[in-house]
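Report on one structure; see the data block that follows.
Residue numbers run from 1 in the order of the sequence given.
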Amino acid sequence: MKRLFDVNEWKIIEQGFHPEDNRLAESMTSIGNGHMGMRGNFEEDYSGDTHQGMYVAGVYYPDKTRVGWWKNGYPEYFAKVLNAVNIMGVRVSINGKNVDLNEWEVVDFKRELDMQHGVLTRTMLLKNGVEETKIESTRFFSIVTKEIAALRYTVTPINFEAEIIIESYLDADVENEDSNYDEKFWLPVEHGTEERFGYVTSKTKKLDWHVTAAMITDVEGAICEVVEGTSQYVANRFTKQVESGEAATVEKVVALVTNRDYEVEDLLEQAMKRVNEAFELGFDAVLAQHEAAWLKHWEEADVKIEGDVEAQQGIRFNIFHMFQTYTGEDSRLNIGPKGFTGEKYGGATYWDTEAYCLNFYLATSKPDVAWNLLKYRHNQLPQAKENADKNVGMKGALYPMVTMNGEECHNEWEITHEEIHRNGAIAHAIYNYTNYTGDTSYLGQYGFEVLVEIARYWASRVNYVPQKDVYMILGVTGPNEYENNVNNNWYTNLMAAWCLEYAQTVHRHLADNEPDRLAELMHQLALTDEELAQWADIDQKMYYPKDETEPAVFMQQDGFMDKEQIMVADLDPKHLPLNQNWSWDRVLRSVFIKQADVLQGLYFLTDRFSIEQKKANFDFYEPRTVHESSLSPCIYSIIAAEVGYEEKAVELYQRSARLDLDNYNNDTEDGLHITSMVGSWMSIVHGFAGLRVQEGVLSFNPMLPQGWTSYSFRMQWRDHHIHIHVKQNEISIEQSAGEAFSLKLHNQVIDVPAEGSVTVPSSMTV
Ligand code: BGC
């Protein structure tokens, strides 16, 4: 654990300069707006250790895979989110000396991320001999006009007169640290510079993604020159003579557009239009709009924790990043496990989206956001069918474990290609959306197609064992990646059977409600009653591993009890984390579990299992789980809260809540853990508050973690905007928009008035 930042309800503050932890601080101070995002890199030159990272949603590069022994089915490429044009750069020289924090004496330094308003600022006092200079910067990526980012950068010589030269630039000659073959991925297309204006268009190799950035910069009272740049670097140079105590202030507005949204030939015009509009509006006005939009986000989605500032900061940081990463207007985009904060995981889509992230957007945003996440997978159905087809003999659709455009592009194929369980999460997301929103229209429009193809995949992937009259699923990897190529992973079998059943349920729903559409779909998909009957047969005869020594436990896979049954608590702590200390061979044959596997199933299909079953499985699996995936603790925390293990629920929650803030896994310098962030939100809302939606009824089963005075959160459910406040002695529910409705609190029906509130003493509900 490393705490570099002050504990503060709304801010991430780094006091003092920490060059040795600069990458960590850069990850932590990343800002973005769903369209683009940037690590907290300094605007001026910096020759010390840094990871330059500016990312544009959906713009990636299919980097050729590096592999020793090529096997059929191996992905052709590994998709990389691209470090794109540096739009924030300013090069500053004071009386001829270039400002570089690695060279100058840093007397005072403060980097501050204001999460409430979405603004990153820095103030510094630098010394060169006896000369002292103050530098202040403010930057933001507008969440109102997504193509716009802006910077205000002020240089003030405190005790001397100076000639200040500031070069404001756009630099598209950038590279990725994780390039497999040390290649550069960008090619120049077009560029131009005029006084106070510059633009550069570059395109990626192979896929021809075009990105145009256009900037307008001004420094009041300065002389502006056009710098002779290169085909990938454009700049304006400003020179200003200042008295001691007088400031030179740069205002730079940048528009960044891509051919994801516009035709290539229109990019420059679009970028110019946006940058001109923003510049005319002025830095302060654009900032004010942006700040107001952030306040609105908080009004709709804040989680407030009283009595624990660390926990408060943790959850707000996590919510802040969820909104920075994905905004849901475009069904071609998705959520990378590192968002816009680093290159790791390639910015690609994982099952994390459906299994975790969807829950947050369902409760905090308009339903279109979650709809677009579902639609993303529907868009990629043809590639998922191809992917199934590549696995000789398989029918239907197998969604990839890692993808950008629907094709599989995983770098660690050996481990993950057998994680076919991801198909289950993708089907479950359709159920989750429909169950939560009550909107069944997705099913007929797109959902059923996806469900049928997923069901077809499972029906072709199972194998029937006649002597036992059961269906088995052999050779898989469950969510627990510390077991590969196992037979009958309980979770995979459960989700496969559930998918087959759910496809039939939706079939019946369409037959009752949209018969014409169903007839059309049956024809289009060539779906027959025999096929449906076959799905029912597989569902009923699915095999689930058991062991008589542990009758109450759902065995994670065949043969699980043959392993040496040692517990994590028995391990010498120096062996942990296992993935950094043990050989892969040792990991695979051990009993230790990387992340929720059986428990993931208990969480997804929560209504099917009793509290006793959940308890028995928690008791068995938790002591064997090392939680070496950041996806793990939140699921265990939710189940712990449900079965009444309050202390354990809180302990597990804490592992994800401040994972990055305290750099628990010592890897935050690579970027933030977005899925774990949503996991901590889930731990509070699904875990501590016990939110469930069953048969159209919203219910809560709240507990209050020890040490917290109270917590409250805002959420949307159907047409209701509600605010739940859990205090020591009472629980209140306030509705700010929506008709009167009923919900369940600790299993009792409570009426919530329209635009009013209801308060129930905790004792009454327990
Ligand atoms: C986990 C996967 C997850 C991936 C991306 C891995 O460590 O085991 O379940 O999808 O990280 O977050």
Side-chain angles (χ1 to χ4, degrees), residues 3-18 22 24-43 54 88 108-124 134-146 148-154 249-254 278 282-305 309-325 327 339-341 364 657-658 660-662 668 672 674 677 681 714:
R3 182 167 295 172
L4 199 62
F5 307 94
D6 292 1
V7 174
N8 181 295
E9 282 196 8
W10 281 110
K11 290 179 174 168
I12 306 299
I13 304 170
E14 180 194 8
Q15 302 271 12
F17 182 40
H18 303 90
N22 190 40
L24 170 64
E26 286 174 337
S27 296
M28 292 296 298
T29 52
S30 300
I31 52 173
N33 61 13
H35 170 66
M36 56 184 173
M38 188 177 177
R39 288 168 56 80
N41 306 134
F42 300 149
E43 292 89 4
M54 162 75 204
M88 281 290 138
D108 213 354
F109 178 98
K110 186 174 175 193
R111 182 162 25 186
E112 179 176 305
L113 176 63
D114 174 349
M115 303 184 281
Q116 194 172 20
H117 302 99
V119 180
L120 178 63
T121 56
R122 193 158 49 108
T123 49
M124 307 181 290
K134 185 171 178 192
I135 297 187
E136 294 157 284
S137 83
T138 301
R139 79 180 188 225
F140 63 95
F141 280 48
S142 170
I143 62 167
V144 178
T145 312
K146 299 282 178 63
I148 292 293
L151 167 72
R152 178 180 275 152
Y153 191 95
T154 304
T249 300
V250 185
E251 281 186 2
K252 175 176 184 175
V253 179
V254 185
F283 183 93
D284 288 320
V286 179
L287 175 60
Q289 283 179 345
H290 166 78
E291 292 189 342
W294 264 112
L295 291 176
K296 179 123 201 312
H297 266 323
W298 291 113
E299 240 170 61
E300 284 164 2
D302 192 18
V303 174
K304 209 166 176 343
I305 298 171
V309 185
E310 289 182 14
Q312 178 66 80
Q313 183 182 33
I315 190 65
R316 287 210 172 118
F317 186 59
N318 298 347
I319 294 172
F320 179 66
H321 275 285
M322 295 313 294
F323 283 128
Q324 295 212 108
T325 305
T327 46
F340 296 112
T341 70
T364 59
R658 291 182 57 93
D660 289 314
L661 269 169
D662 292 334
T668 296
L672 307 177
I674 300 296
M677 292 181 151
W681 177 91
R714 295 175 186 276

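Looking only at distances, a side-chain donor or acceptor of Thr341 sits under 3.5 Å from a matching main-chain atom of Leu672. At least one donor-acceptor pair under 3.5 Å links the side chain of Asn33 to the backbone N or O of Ser142.
Between Gln15 and Asp6, some side-chain heavy-atom pair lies under the 4.5 Å cut-off. No side-chain heavy atom of Leu113 sits less than 4.5 Å from a side-chain heavy atom of Met28. Taking 4.5 Å as the limit, every side-chain heavy atom of Val286 sits out of range of all side-chain heavy atoms of Val253. Counting only heavy atoms from C-beta outward, the side chains of Arg658 and Arg3 approach each other to under 4.5 Å.
The two residues Arg316 and Trp298 have their closest heavy-atom pair at O-CH2, 3.4 Å. Closest of all the heavy-atom pairs between Leu661 and Gln313 is CD1-CG, 3.8 Å. Here the closest heavy-atom approach between residue Ile31 and residue Leu120 is recorded as CD1-CB, 4.2 Å. When all heavy atoms of Asn318 and Ala657 are compared, the closest pair comes out as ND2-O, 3.2 Å. Minimum interatomic distance between His321 and Ser30 (heavy atoms only, all atoms of both residues): CE1-O, 3.7 Å. Residue Ala293 comes nearest to Val144 through the heavy atom pair CB-CG2, 3.8 Å, listed as atom of the first residue, atom of the second, then distance.
By the side chain to side chain contact (heavy atoms under 4.5 Å, CB included) test, Glu299 is found to be paired with no residue, residues two or more places apart in sequence or in another chain being considered. In this structure Thr154 satisfies the side chain to side chain contact (heavy atoms under 4.5 Å, CB included) test together with Glu136, Arg152, Thr156, Ala247, Thr249, sequence neighbours excluded. Under the side chain to side chain contact (heavy atoms under 4.5 Å, CB included) criterion, Glu291 pairs with His117, Val119, Leu287, not counting sequence neighbours.
Here the OG1 atom belonging to Thr327 is positioned 11.5 Å from the CE atom belonging to Met322, to the nearest 0.5 angstrom. Rounding to the nearest 0.5 Å gives a distance of 11.5 Å between OG1 of Thr364 and CG of Asp302. Interatomic distance, Met115 CE to Phe323 CZ, rounded to the nearest 0.5 Å: 13.5 Å. Rounded to the nearest 0.5 Å, atoms NE2 (His290) and CD1 (Ile143) are 6.0 Å apart. Rounded to the nearest 0.5 Å, atoms CZ (Phe141) and NZ (Lys146) are 13.0 Å apart. Atom NZ of residue Lys11 and atom CD of residue Glu112 lie 4.0 Å apart, to the nearest 0.5 angstrom.
Looking at Glu43 and Lys252, no side-chain N of the basic residue comes within less than 4.0 Å of a carboxylate O on the acidic one, giving no salt bridge.
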Checklist entry - Under the side-chain contact (heavy atoms from CB on, under 4.5 Å) criterion, do Phe109 and Glu14 qualify, and how do the steps go? => result CA-CA 8 Å; Phe109 178 98; Glu14 180 194 8; 3.5 Å; yes
Checklist entry - Could you walk me through whether Phe42 and Arg111 pass the side-chain contact (heavy atoms from CB on, under 4.5 Å) check? => result CA-CA 10 Å; Phe42 300 149; Arg111 182 162 25 186; 3.3 Å; yes
Next on the checklist: Walk me through whether Phe140 and Phe283 qualify under ring-ring contact (aromatic ring centres under 6.0 Å, His included).
Outcome noted: CA-CA 10 Å; Phe140 63 95; Phe283 183 93; 5.5 Å; yes
Item to check | Steps toward side-chain contact (heavy atoms from CB on, under 4.5 Å) verdict (Met677, Phe317) | outcome: CA-CA 8 Å; Met677 292 181 151; Phe317 186 59; 3.6 Å; yes
Checklist entry - Hey, mind stepping through Gln324 and Phe340 against side-chain contact (heavy atoms from CB on, under 4.5 Å) and telling me if it holds? => result CA-CA 8 Å; Gln324 295 212 108; Phe340 296 112; 5.7 Å; no
